[in-house]
Amino acid sequence: MRQLRLTQVTHAATGMSLVTDATGAIAYYITGEMGQKGNTLKILNQSATVLAVLEQASLGFLPRFTMTVNGQQVGSIGLSLQLHEISFGVV
């Protein structure tokens, strides 16, 4: 399984969070806002193509997000206090 790491702080120069692989190479970019219902996060590849959109579906300490790929809702993601890693795959 491919191991990826999300930066905790948004990169100041680009306004994006970076997802890196084990060597430190940038694999994906994440941009957008969260905190309010309806806010969206976009996952982009290195060519700035949007791969997926996560829309915040609920408020709170552990919000839920719906995931859309190519304009079609493919699932939802929720976080848990027990969670230490997330597996994500795009068909």
Side-chain angles (χ1 to χ4, degrees):
M1 174 172 32
R2 185 175 179 197
Q3 301 243 344
L4 300 172
R5 298 201 179 272
L6 173 65
T7 58
Q8 292 294 319
V9 179
T10 301
H11 191 267
T14 63
M16 297 182 181
S17 295
L18 306 176
V19 179
T20 56
D21 64 15
T23 68
I26 297 171
Y28 303 101
Y29 300 94
I30 299 178
T31 186
E33 295 182 23
M34 58 183 281
Q36 298 293 320
K37 188 174 178 180
N39 283 358
T40 59
L41 297 171
K42 293 180 182 178
I43 301 172
L44 300 96
N45 65 11
Q46 293 178 341
S47 300
T49 302
V50 176
L51 301 176
V53 177
L54 302 173
E55 182 176 347
Q56 189 165 341
S58 67
L59 299 173
F61 182 66
L62 300 171
R64 292 198 64 79
F65 296 85
T66 57
M67 181 185 299
T68 304
V69 175
N70 295 326
Q72 182 176 12
Q73 186 173 334
V74 297
S76 66
I77 296 174
L79 302 179
S80 152
L81 293 176
Q82 304 283 325
L83 189 63
H84 295 283
E85 58 184 48
I86 296 174
S87 295
F88 172 76
V90 177
V91 180

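All values below come from the heavy atoms of this structure, side chains included, with hydrogens, waters and symmetry mates left out.
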*Between Arg64 and Ser58, is any side-chain donor less than 3.5 angstrom from a side-chain acceptor?*
no
*Same cluster for Val50 and Leu18 if Ile/Leu/Val/Met/Phe/Trp/Tyr side chains link at under 4.5 Å?*
yes
*Between Asn45 and Ser47, is there a donor-acceptor pair closer than 3.5 Å when you use the side chain of the first and the backbone of the second?*
yes
_Identified side-chain contact (heavy atoms from CB on, under 4.5 Å) counterpart of Leu54 within the set Thr66, Ile43, Ile30, Asn39_ = Ile43
*Any Thr68 side-chain heavy atom under 4.5 Å of Glu55 side chain*: no
*Rounded to the nearest 0.5 Å, how far does CG of Leu41 lie from OG1 of Thr31?*
8.5 Å
*Linking I/L/V/M/F/W/Y whenever any side-chain heavy atoms sit under 4.5 Å apart, do Leu59 and Phe65 land together?*
no
*Can you see which heavy atom on Tyr29 is nearest to which on Met16, and at what distance?*
CB-SD, 3.6 Å
*Please name the pair of heavy atoms, one in Ala52 and one in Met67, separated by the smallest distance, quoted to 0.1 Å.*
CB-CG, 4.4 Å
*asked:* Testing the basics here: between Gln56 and Gly35, what is the closest heavy-atom pair and its distance to 0.1 Å?
replied: OE1-N, 2.7 Å
